[in-house]
Amino acid sequence: MIRLYNTLTRKKEDFQTLEPGLVKMYVCGVTVYNDAHVGHAMSALVFDIVRRYLEYRGYKVKHVMNFTDVDDKIINRANQLGIPPLELSNKYIADYRQNLLDLNILPATATPQVSKTMPDIIKFIEGLIERGYAYPAPNGDVYFRVTHDEDYGRLSARKLDDMQAGARIEIEEQKEHPMDFALWKAAKPGEISWASPWGQGRPGWHIECSAMNLVELGEQIDIHGGGNDLIFPHHENEIAQTESYTGKEFARYWMHNGMLQLGGEKMSKSLGNIISIKEFISKREADVMRMLVLNGSYRAPLIFNDETLDAAEKGLERLKSALRPATAQGAESAAEAAAALPAAIETVKKAFTDAMDDDFNSAGALGQLFDFVRAINTARDAGATAAQLQPAQDTLRELTGVFGLRLAEKTSTGDADKFIDLLLEVRAEMRQQKQWAMSDLIRDRLKALGVTVEDSKNGATWRWA
RNA sequence: GGCGACGUCGCCAAGUGGCAAGGCAAGGGUCUGCAAAACCCUCAUCAUGGGUUCAAAUCCCAUCGUCGCCUCCA
């Protein structure tokens with residue numbers, strides 16, 4: 001039984017889907033007006049791991065991720081650049097898709113956009129007005145009437161009265177209540193807009209997700225995810241809109257990832273302390289970012305700095321070490337050396353699943369994998385054969401695959417391999433003749449070229465690093 | 001100011017009532033001409049102060065501290 005922490009109840013709950021074997025999962029995507037950063041990557045990775053694990057456990061997952069491609073900031077940025085807003089957002093949508101591919105994140109099964117969901121959004125707003133949950137203002141805006149929603153504030157655990165209405169938001173004369181939020185914004189002159197019963201305008205931020213959910217997944221979904229900075233007001237408002245519209249419970253489980261921390265602060269576009277995904281990928285292997293996420297708890301803040309990244313990179317190397325080939329040539333002790341592996345395989349599979357079942361405890365599961373790595377390496381050192389190592393290495397591949405790790409060894413780009421082999425053959429001859437200085441020089445020079453040479457009693461091995 | 005989450009070894013971090021996983025770093029060792037890798041060994045009583053309990057890192061209260069939200073934000 002999978003258990004997961006539900007923000008709505010602030011407890012871990014047994015996971016049961018609305019339909020057997022099917023998970024409907026909606027995860028808030030990004031507003032596309034500039035390069036996505038590693039904080040976005042964290043969120044995307046968290047839910048990619050959730051999805052991969054659910055699939056590993058036999059569920060079919062409908063995974064919807066939206067693009068907010070109509071928004072104030074997109075409009076402002078497009079104006080600065082002198083290009084149409086949708087041209088700008090389309091560029092960044094393409095960029096973001098590439099970022100996700102680079103990070104080995106499985107493509108969502110649907111990726112709706114605001115600009116392509118307009119009729120459904122308008123219909124949704126009309127429905128809310130009909131039911132008395134929304135009202136058009138004289139200026140052409142339409143607002144949600146929070147006082148009509150008895151349990152408004154349920155998700156973020158706050159009450160309307162506690163929110164010091166008006167303290168940090170400007171009192172809007174058009175609104176009945178200061179906490180009422182816009183479903184539809186009347187167009188300013190020259191702004192991109194769509195026709196509606198309330199005049200030219202565009203949707204407010206929250207309504208898009210309610211509408212896209214309805215279109216893509218229906219009235220009720222299993223998991224709704226996103227960063228914990230979206231709990232209020234975004235997700236709170238989504239619940240208010242959808243439940244007021246359908247009269248049914250919206251999402252059964254609300255999952256929120258913690259914020260990525262850079263220099264003790266949340267990384268965010270508005271703070272400007274940003275490292276883009278593109279920049280990260282140019283400097284580190286994508287698996288390193290995933291490893292950093294896996295080593296932490298998805299709900300807790302993730303500390304992102306050179307030290308934690310270096311550790312993640314080393315940990316990755318350690319996982320890879322278990323995948324290296326057998327070194328012995330069928331030694332007699334091989335059977336004994338490999339004897340412990342079948343049991344280790346059973347142990348790690350169970351422990352891995354137990355940990356992940358408990359609210360996707362990837363750090364706990366990862367610890368189990370490291371224990372397994374030691375078992376494999378010990379067997380190899382003791383002389384296990386390739387055939388004996390194979391099942392264990394396959395298991396490790398399978399489980400790290402559930403995590404979405406690629407564990408790719410770097411490979412040669414050209415015909416270098418055979419020349420390196422030749423060089424090492426010659427070097428082996430030199431070592432026979434104890435020409436240590438020259439042997440070491442070759443090893444050092446190859447290292448500088450990205451080739452790691454390791455000598456052992458069975459001869460030298462090498463790999464790209 | 002209000003609300004929420006959290007505070008475990010030098011760093012990251014699992015563990016939510018019964019002798020404190022794992023990774024990185026560090027020290028010692030095996031192997032080795034050296035180096036590297038791998039393997040073995042060493043390395044914490046859980047922010048502080050009270051309380052509940054046979055038993056608490058784990059539950060309760062207080063204090064201190066950190067982060068997030070309350071405005072756009074993954």
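Sequence lines set the chain letters: A, B, ... in the order given, protein chains first and strands last, and positions in each chain run from 1. Small disclaimer: the values here were computed from a predicted structure and weren't measured.
- Nucleic acid contact class of A:Ala363 (heavy atoms, under 4.0 Å, all strands): base.
- Within the 4.0 angstrom heavy-atom criterion, no nucleotide atom of any strand lies near A:Met291.
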Polar pairs (N or O, both sides) under 3.5 Å between protein and nucleotides 41-46 of chain B?
none

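- You'll find a donor-acceptor pair under 3.5 Å spanning the side chain of A:Asn295 and the base of B:G22, going by distance alone.
- Of the listed nucleotides (B:G23, B:C67, B:A74), B:C67 has the atom at the smallest distance from the side chain of A:Gln261.
- Note: A:His235 and A:His256 meet the aromatic proximity criterion, with ring centroids under 6.0 Å apart.
- Across all strands shown, A:Ser297 has heavy atoms under 4.0 Å from sugar-phosphate atoms exclusively, and none from any base.
- In this structure, a donor-acceptor pair under 3.5 Å is present between the side chains of A:Asp394 and A:Gln390.
- Checked by atom type, the side-chain pair A:Arg299/A:Thr7 shows no donor-acceptor distance below 3.5 Å.
- Spacing between atom CE of A:Met179 and atom P of B:C69 amounts to 15 Å, rounded to whole angstrom units.
- The stretch residues 71-80 of chain A touches RNA chain B through A:Lys73, each having a heavy atom within less than 4.0 Å of the strand.
- The six-membered or imidazole ring of A:His224 lies away from that of A:Tyr253, with a centre-to-centre distance of 6.0 Å or more.
- Within 4.0 Å (heavy atoms only), A:Asn361 reaches sugar-phosphate atoms of the nucleic acid but no base atom.
- In the set B:C72, B:G68, B:C24, B:C24 carries the atom at the smallest distance from any side-chain atom of A:Lys314.
- A salt bridge links A:Glu317 with A:Lys320; the closest basic N to acidic carboxylate O contact falls under 4.0 Å.
- Among the heavy atoms of the strands lying under 4.0 Å from A:Gly226 are primed sugar atoms or P, OP1, OP2 only; no base atom is included.
- For the residue pair A:Glu398 and A:Thr395, no side-chain donor N or O sits within less than 3.5 Å of a side-chain acceptor on the partner.
- When only modelled atom types and interatomic distance are considered, A:Asp102 and A:Gln98 share a side-chain donor-acceptor pair under 3.5 Å.
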**Asked** What is the per-nucleotide protein-contact pattern of nucleotides 31-40 of chain B, from the 5' end, where B denotes a base atom under 4.0 Å from a protein heavy atom, S denotes such proximity for sugar-phosphate atoms only, and - denotes neither?
**Response** --BBBBSBSS
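- Among the protein residues, A:Leu260 comes within range of the nucleic acid bases, having at least one heavy atom under 4.0 Å from a base atom.
- Using a 4.0 Å heavy-atom distance criterion, A:Gly29 is classed as a sugar-phosphate-only contact.
- If you check every strand for non-hydrogen atoms under 4.0 Å, A:His256 touches nothing.
- A:Ile303 comes within 4.0 angstrom of the backbone, heavy atoms only, and of no base.
- Using a 4.5 Å heavy-atom threshold, the side chains of A:Phe15 and A:Asp357 count as separate.
- Looking at heavy-atom distances under 4.0 Å, A:Glu313 makes no contact with the nucleic acid at all.
- Between the side chains of A:Glu208 and A:Asn66, at least one donor N or O lies within less than 3.5 Å of an accepting N or O.
- Note: A:Tyr5 and A:Tyr298 fail the aromatic proximity criterion, with ring centroids not under 6.0 Å apart.
- With no hydrogens or angles considered, a side-chain donor-acceptor pair links A:Asn305 and A:Thr308 at under 3.5 Å.
- For A:Met259, whose side chain is taken as the heavy atoms from C-beta onward, the closest listed nucleotide among B:A74, B:C69, B:G23 is B:A74.
- When side chains are defined from C-beta on, A:Leu292 counts as touching A:Phe304, because their heavy atoms get closer than 4.5 Å.
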